[in-house]
**Student:** 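Shown below is the structure under consideration.
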Amino acid sequence: MKIGIDLGGTKTEAILIDNIGNELFRKRIQTEKSYDGTIKGIINLIKEIDNKFEKIHSVGIGMPGIISNYTSLVKNANSIWLNGKPLKKDLDKILDKKITIENDANCFALSEAVDGAGKDYNAVFGVIIGTGTGGGIVFNKKVLQGINQIGGEWGHTSLPNRTNDEIKYAKKCFCGLEGCMETYVSGPGFANIFNNIHNENFNSHQIIDEFINGSQRSKLALDNYVNHLARGLSNVINILDPDVIILGGGMSNIDYIYENISKQLKKYVVTDTFHTKVLKNKHGDSSGVRGAAWL
Ligand SMILES: [Zn+2]
C-alpha cells in the first residue's frame, strides 16, 4: 500500500491506495504556513495512517516547486516558507519509509497516465490550466523530470506569433518574462484579457456563465482561448508528439475546449496526419494526491 500526500499552500491531503489504485483512506488538514508546522502536519498524517493500516511501502509527496537535485533544498514553491529548506532530508530523519517528492503538475500527469484518462497510452502530456499553468511529461508511466527539473514546464513558454492586440491585452508574467502561456490560458489570464477588452471585472466563471446564456462576446473570448491553447500546445506536439494531452485544473471543465481544439491544432501542427487526443482528466481534484502515491 502506498501513501500519497498533496502538499498545497492552504490544504494538505493524504490518501492511502492499494497497488491497483483502490482508495482505503483519505484525510485533509489545513497547511500551517510555517516550515515546522508543515512538517508536523505531514508527520501526523503519516503516523495516523501507519497506526490504522499495516504494510505501507512508500510515501509520495506532491508539491508546487521541487527539491533541487543539486542542493537538496526546495525551490520554486509558491508556499514560500518551504523554499531553501531541506524538506526531504528532514522527513527522512523522522520517518523510516521511502519518501519521494515531486512537482504537483508531474503528479497530475502521472496519476492520469497510470490509471486515469491516459492509462492506455505511452506518452502522456499532462496540462494544468487553473490558477496557474503547468505541465508534466510521463513516458511509459514514468515522469520525465529533465536535467534542470523543468520537464513539461509549458506555462512559461511564449504564445507563438502574438498579434499586437495579444501583446497589448496580456499581463506581464510573475516569472519576469512576457507572453507566457500562463498569462493567456490560466483562469486569471483568460479573465484578464476579457476584462481588458471589454472593460469588465469578471472572473473566468462569470465569463463561462455569460457564454452559456448565449453571449456573443463570451463566445468570441472562448474561441480565442481555444486558439491560444492550440497555438501553445502545437509547440509541445511538434517537439514531443505525445499520444495524448490531458487537461486538468479549473479551466479543464469547459467542454467547449474538447469540442473545438482539434481543428485548431491541425492548423498549427506540422503533420499531414493528426491522431493526437486532447482529453479531460479522470481523477479531477484527486489527481495530485493519487499521482503522489504512484511515485
Ligand atoms: Zn511566465
Side-chain angles (χ1 to χ4, degrees), residues 7-10 62-70 73-84 102-109 125-137 143-197 202-204 207 221 224-240 242 245-252 254 257 261 264-265 268 278 288:
L7 179 56
T10 50
M63 60 179 291
I66 37 164
I67 308 273
S68 164
N69 284 340
Y70 298 94
L73 305 176
V74 176
K75 66 172 186 178
N76 298 347
N78 58 7
S79 306
I80 48 173
W81 56 91
L82 299 177
N83 283 326
E102 184 55 88
N103 172 264
D104 52 3
N106 287 347
C107 289
F108 164 78
F125 187 63
V127 167
I128 301 282
I129 36 176
T131 312
T133 301
I137 302 164
V143 171
L144 182 77
Q145 208 180 41
I147 189 83
N148 300 300
Q149 297 168 282
I150 55 165
E153 269 302 343
W154 162 79
H156 302 281
T157 61
S158 184
L159 177 70
N161 301 324
R162 294 196 295 160
T163 65
N164 287 337
D165 273 356
E166 285 166 347
I167 291 168
K168 189 167 96 187
Y169 291 129
K171 240 189 221 159
K172 189 172 172 143
C173 188
F174 77 90
C175 75
L177 297 172
E178 288 199 35
C180 288
M181 286 307 302
E182 177 159 317
T183 61
Y184 292 92
V185 300
S186 66
F190 170 58
N192 172 63
I193 292 170
F194 180 89
N195 291 333
N196 283 343
I197 294 172
F202 282 21
N203 62 37
S204 54
I207 303 168
N224 284 332
Y225 179 84
V226 174
N227 176 268
H228 293 153
L229 199 56
R231 279 153 64 193
L233 288 174
S234 69
N235 276 346
V236 175
I237 296 172
N238 284 336
I239 295 165
L240 190 67
I245 295 171
I246 301 172
L247 307 184
M251 296 299 283
S252 75
I254 301 170
I257 295 173
I261 195 158
Q264 291 282 340
L265 279 171
Y268 301 112
V278 179

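Counting convention: from 1, in listed order, for ligands and their atoms alike. One is the number of the first residue; the rest follow in order along the sequence. All values reported here derive from a predicted model rather than from experimental measurement.
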**Student:** Please check if any side-chain donor atom of Asn224 sits under 3.5 Å from a side-chain acceptor atom of Tyr169, or the reverse.
**Tutor:**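 Not at all, the side chains of Asn224 and Tyr169 share no donor-acceptor pair under 3.5 Å.
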**Student:** Considering the Zn ion (ligand 1), could you give the total of protein N/O/S atoms lying closer than 2.8 Å?
**Tutor:**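 Every protein N, O or S atom under 2.8 Å from the Zn ion (ligand 1) counted, the figure is 4.
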**Student:** Work out which heavy atom in Ser204 is nearest to a heavy atom in Gly187; give both atom names and the distance.
**Tutor:**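 Looking at all heavy atoms of both residues, the shortest contact is CB-O, 3.8 Å.
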**Student:** If only side-chain N and O atoms count, and only distance matters, is there a donor-acceptor pair under 3.5 Å linking Asn69 with Gln149?
**Tutor:**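 Yes, Asn69 and Gln149 have a side-chain donor paired with an acceptor closer than 3.5 Å.
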**Student:** Look at atom CD1 of Ile167 and say whether more than 12 heavy atoms of other residues, nucleotides or ligands are closer to it than 6.0 Å.
**Tutor:**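 For Ile167, atom CD1 is crowded (more than 12 foreign heavy atoms under 6.0 Å).
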**Student:** Under 4.0 Å between a Lys/Arg side-chain N and an Asp/Glu carboxylate O for Glu182 and Lys171?
**Tutor:** no
**Student:** Is the distance between the ring centroids of Phe202 and Phe194 under 6.0 Å?
**Tutor:** yes
